[in-house]
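Worksheet for the structure shown next.
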Amino acid sequence: MMKEKLENVEERIRAACERAGRNRSEVTLIAVSKTKPVETLREAYGLGVRVFGENKVQELVDKYGALPEDIHWHMIGHLQRNKVKYIIDKAELIHSVDSLRLAETIEKEAEKHNITANILIEVNVAREESKFGVMPEELDEIVEKIAGFNHLNVKGLMTIAPYVENPEENRAVFARLRKLSVDIASKNVDNMNMSILSMGMTNDYEVAVEEGATMVRVGTGIFGERDYAQV
Ligand SMILES: *Cc1c(COP(=O)(O)O)cnc(C)c1O
């Protein structure tokens, strides 16, 4: 079951890359395993999955301790400042940096561990009130300030597109995120490289790949529906 689902996602990413004239190796598939038990992740691991995305600190920490060391863990959910210390040495990339204060906390924790933390800035491209993320017009200012931090590497941008019936409706959102990243990259700010565009979920990852996504975050498409009652 999972094997077929995973193959299906892989095939769709490959086809989207082909349509866009991109190389498949430019896109990383992040298996979003939130709410799923460790056995399910182990099954995915057995199928070759090595990059997992989680949205809760405690869950990421528990799964990190229970699963093999060669897994790359990505923090994709809203992060509270008081919890940064638990994942600073476990998450390879934090996708959800949505304020200067959060960036400051990550900088401090990274300094304590003598590491450089890799982060993406989450942008609320669609300006949804229910969503986290900095507004597009705030991006320049936050980027400039973070450039002065010695233990942070900004690797790119992330967005969570609205839920839509037809994924085509999100094409403009993805194109806008790419445009923002190109604009920032052209300014050549220190500590800043805009190589990652994290966008696209089960519903719309093919459109996101066509619009330049370098990371797609797919949960349901690989693991099936989530049962929040179990959590
Ligand atoms: C849950 C989640 C996903 C995956 O959603 P699916 O629709 O199940 O693919 C992707 N990104 C973030 C930030 C999420 O919280």
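Whatever order the structure lists ligands and atoms in, that order sets their numbers, starting from 1.
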Exercise for review: Could you verify whether a donor N or O on one side chain and an acceptor N or O on the other, from E54 and S33, lie under 3.5 Å apart?
Suggested key: yes
Revision key, fill the gap. Residues passing the side chain to side chain donor-acceptor pair (under 3.5 Å) test with S198, sequence neighbours excluded, are H95, R217
**Study point:** salt bridge (Lys or Arg N to Asp or Glu O under 4.0 Å) evaluation trace for R127 with E137
**Key:** CA-CA 11 Å; R127 318 184 77 85; E137 64 275 14; 2.8 Å; yes
Point to revise | Main-chain N/O of P167 paired with N203 side-chain donor or acceptor, under 3.5 Å | key: no
**Study point:** Listed partners of N118 passing side chain to side chain donor-acceptor pair (under 3.5 Å), at least two apart
**Key:** none
Study note, to complete from the structure: Residue pairs meeting salt bridge (Lys or Arg N to Asp or Glu O under 4.0 Å), one or both in residues 7-34, sequence neighbours left out, come to K3-E7, E10-R24, E11-R14, R12-E206, R14-E18, R19-E210, R22-E26
Note every protein N or O atom lying under 3.5 Å from an N or O atom of ligand 1, pairing the names and giving the distance.
{"from": "ligand 1", "atom 1": "8 (O)", "to": "T220", "atom 2": "N", "distance (Å)": "2.8"}
{"from": "ligand 1", "atom 1": "8 (O)", "to": "T220", "atom 2": "OG1", "distance (Å)": "2.5"}
{"from": "ligand 1", "atom 1": "8 (O)", "to": "R226", "atom 2": "NH1", "distance (Å)": "2.7"}
{"from": "ligand 1", "atom 1": "8 (O)", "to": "R226", "atom 2": "NH2", "distance (Å)": "3.1"}
{"from": "ligand 1", "atom 1": "9 (O)", "to": "T202", "atom 2": "N", "distance (Å)": "3.0"}
{"from": "ligand 1", "atom 1": "9 (O)", "to": "T202", "atom 2": "OG1", "distance (Å)": "2.4"}
{"from": "ligand 1", "atom 1": "9 (O)", "to": "G219", "atom 2": "N", "distance (Å)": "2.8"}
{"from": "ligand 1", "atom 1": "11 (N)", "to": "R217", "atom 2": "NE", "distance (Å)": "2.8"}
{"from": "ligand 1", "atom 1": "15 (O)", "to": "K34", "atom 2": "NZ", "distance (Å)": "2.6"}

